[in-house]
Amino acid sequence: MNRTLAIIEREMRKFFRSPALMMVSMIFPLVQLIVLGNAFGGKIRDAKMGVVDEDHGTQAVRIKEAFDAVRSTARTFVTVPYTDEVKAREDVRNGKIQGAVIIPAQYSKMVYEKNHPRIALIVDNSDNFMSSTMTTTLTQLTDALNQPDIEPRLLQQTALDVVELYPYIEYMKYLLPGSIALAMFVSAMIGGGMLYIDDKARGVHEGYLVTPITKAELVFGLNGAGAIKGVLTGVVITMIGSLLAGVGTIFNFGTIVGLLLMIVATATAFNAMMFLMMVRVEDPLVPRATFGILNTLLFFPSGSIYPIEAFPGWLRAIAIVDPFTYAVHGFKALLLKETGLSAIMPDVIYLSVFAVGTLALAVPLFKRTL
């Protein structure tokens, strides 16, 4: 045990003597959280919607009044008047405006005659998010216009009342669990076996080999030091990220306990996984070259950016065994849903079993040789 603790102490001294290394492992996920959290997932505001009014009747005026209401409330789009449908379509194609509504001639007459009145929406569907937002907004407006001015006393249509369990969650909050897990993964990449490979490249590891330290003590010492670095990274990113994203649940005692459990389990699992992957690697360039592949293969299928339920079958299979998936789920349950320990125990158990299993494989595979 003393020899294992000595290895941990040496690795931690190296870590704290390199503040640049500490900052790199923490700044990248924070930058990703800030940039992606503000760049994605926000609501469309002040998009330009062209309006071609070929009718100029009272019903066309109602449509334009509805557009003005959207501009003054949700601000999804602002209207730009056009007199030519061809010009409006060309401006949508060129990106000058994001959509165009065509109110055809005789529209008001068709409304009064109940003769299938129609309006047209031109969208640039090369941008799915913008086009779906425009389509949804215009669909809601047309549904509102179709409602009778005086509702019948007996309603025969079924209405859907949506009950939201949580207040609106901004995308920056949604990304926070994934950013915490990513920060700890970066720390594991640096400390989970990579440092020992660098030591071997520089010949420093020969100092270990002349001591009576066993393979198991060496593996547990290196992984223990890496897990401590991961825990420190996780705590710092959780605190700073929660404050940046406006998550106030970190001040609850139960949440603090759950976060500590998740951080320790995640750090241990990630470091053990990375050590197992690098246990037979000799070239120090290999872990650096595989970082991008591992990041794509483990981070993106975890549900941190997009729901797992939307994945194809083969990608769901990766998500099921991916420790990232359970780390993201646990952090999300604590930070966004304010759940108790019972909700994260399956995640903690999986990460713990995963860490034990990978360490059990790493010890016999580890070479205590030159």
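Both V321 and L298 are assigned to one and the same hydrophobic cluster, defined by single-linkage of ILVMFWY side chains at heavy-atom distances under 4.5 Å. Note: the hydrophobic cluster containing F331 also contains F251 (ILVMFWY, side chain heavy atoms under 4.5 Å, direct or indirect links). Both F275 and V363 sit in one connected hydrophobic cluster of ILVMFWY residues. Membership requires side-chain heavy atoms under 4.5 Å apart, directly or through other members. Linking ILVMFWY residues whenever their side-chain heavy atoms come closer than 4.5 Å, directly or via other members, leaves V51 and V92 in distinct clusters. If you chain together hydrophobic residues whose side chains sit under 4.5 Å apart, L365 and F220 fall into the same group.
With contacts defined as side-chain heavy-atom distances shorter than 4.5 Å, the pair V52/D84 does not qualify. Counting only heavy atoms from C-beta outward, the side chains of M110 and H116 never approach each other to under 4.5 Å. Using a 4.5 Å heavy-atom threshold, the side chains of T339 and K332 count as separate. Side-chain atoms of K48 and K96, non-hydrogen and from C-beta on, never get closer than 4.5 Å to each other. Annotation: side chain of F185 is in contact with side chain of M274 (closest heavy-atom distance under 4.5 Å). V348 has its side chain out of reach of Y326: every pair of non-hydrogen atoms, C-beta onward, lies at least 4.5 Å apart. For the pair Q98/D124, no side-chain contact is recorded, criterion being any heavy-atom separation below 4.5 Å from C-beta on. Contact annotation: the side chain of P323 approaches that of L351 to within less than 4.5 Å [non-hydrogen atoms, C-beta and beyond].
In this structure a side-chain-to-backbone donor-acceptor pair under 3.5 Å is missing from D55 to I103. At least one donor-acceptor pair closer than 3.5 Å links the side chain of N94 to the backbone N or O of E90. With hydrogens and angles disregarded, no donor-acceptor distance shorter than 3.5 Å links the side chain of Y82 to the backbone of R89. A donor-acceptor contact shorter than 3.5 Å is absent between the side chain of T358 and the backbone of L276. Here the side chain of S108 pairs a donor or acceptor atom with the backbone of Q59 at under 3.5 angstrom. Side chain of T136 to main chain of T133: no donor-acceptor pair is present (N/O by atom type, distance under 3.5 Å, no hydrogens or angles). Although no hydrogens or angles enter the test, the distance criterion places a donor-acceptor pair under 3.5 Å between the side chain of N271 and the main chain of G226. Remark: the backbone N or O of M239 is not paired with any side-chain donor or acceptor of S242 at under 3.5 angstrom.
Here the CD-OG1 distance, from Q140 to T135, works out to 11.0 Å after rounding to the nearest 0.5 Å. Separation of atoms CG (L243) and CD1 (I250) is listed at 5.0 Å; rounding is to 0.5 Å. Here the NZ atom belonging to K173 is positioned 8.0 Å from the CG atom belonging to L336, to the nearest 0.5 angstrom. Annotation: the span from I256 atom CD1 to T238 atom OG1 amounts to 11.5 Å, rounded to 0.5 Å. Here the CE atom belonging to M184 is positioned 8.0 Å from the OG1 atom belonging to T268, to the nearest 0.5 angstrom. One distance of note links CD of E85 with CD1 of I102; it measures 4.5 Å at 0.5 Å rounding.
Side-chain N/O atoms of T325 and Y350 include no donor and acceptor closer than 3.5 Å. At a cut-off of 3.5 Å, with distance as the only test, no side-chain donor of S302 or D322 sits close to an acceptor on the other residue.
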Should T58 and Y112 be marked as a side chain to side chain contact (heavy atoms under 4.5 Å, CB included) after you check the CA-CA gap, both sets of side-chain angles, and the distance that decides it?
-> CA-CA 10 Å; T58 55; Y112 292 128; 2.4 Å; yes
Could you go step by step and tell me if M49 and V101 meet the side chain to side chain contact (heavy atoms under 4.5 Å, CB included) rule?
-> CA-CA 7 Å; M49 174 72 77; V101 173; 3.7 Å; yes
Working for side chain to side chain contact (heavy atoms under 4.5 Å, CB included), residues L259 and L335 = CA-CA 9 Å; L259 286 173; L335 294 173; 4.0 Å; yes
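Contact between A327 and A181 at its shortest, heavy atoms only, is CB-CB, 4.2 Å. The minimum heavy-atom distance linking A88 with A100 is given by the pair CB-CB, 4.0 Å. Nearest approach of P117 to V111, heavy atoms of both residues: CB-CG2, 3.6 Å. Closest heavy-atom contact between I237 and S179: CG2-O, 4.3 Å. Across A227 and A267, no two heavy atoms sit closer than the pair O-CB, 3.6 Å. Contact record, P301 with A319: O-CB, 3.2 Å, taken as the closest heavy-atom pair.
Salt-bridge formation is detected for the pair K87/D91: a Lys NZ or Arg NE/NH1/NH2 atom is positioned less than 4.0 Å from an Asp or Glu carboxylate oxygen. In summary, K64 and D53 engage in a salt bridge, as defined by a charged side-chain N under 4.0 Å from a carboxylate O.
Classification of the F270-F324 ring pair by plane angle, with boundaries at 30° and 60°, yields tilted.
Counting non-hydrogen atoms of neighbouring residues, nucleotides and ligands closer than 6.0 angstrom, the CZ atom of R316 exceeds 12 such neighbours.
Evaluated for a side-chain contact (heavy atoms from CB on, under 4.5 Å) with V235, the options I263, V264, I240 yield exactly one hit, I263.
For F77 and F67, the ring centers sit closer than 6.0 Å to each other.
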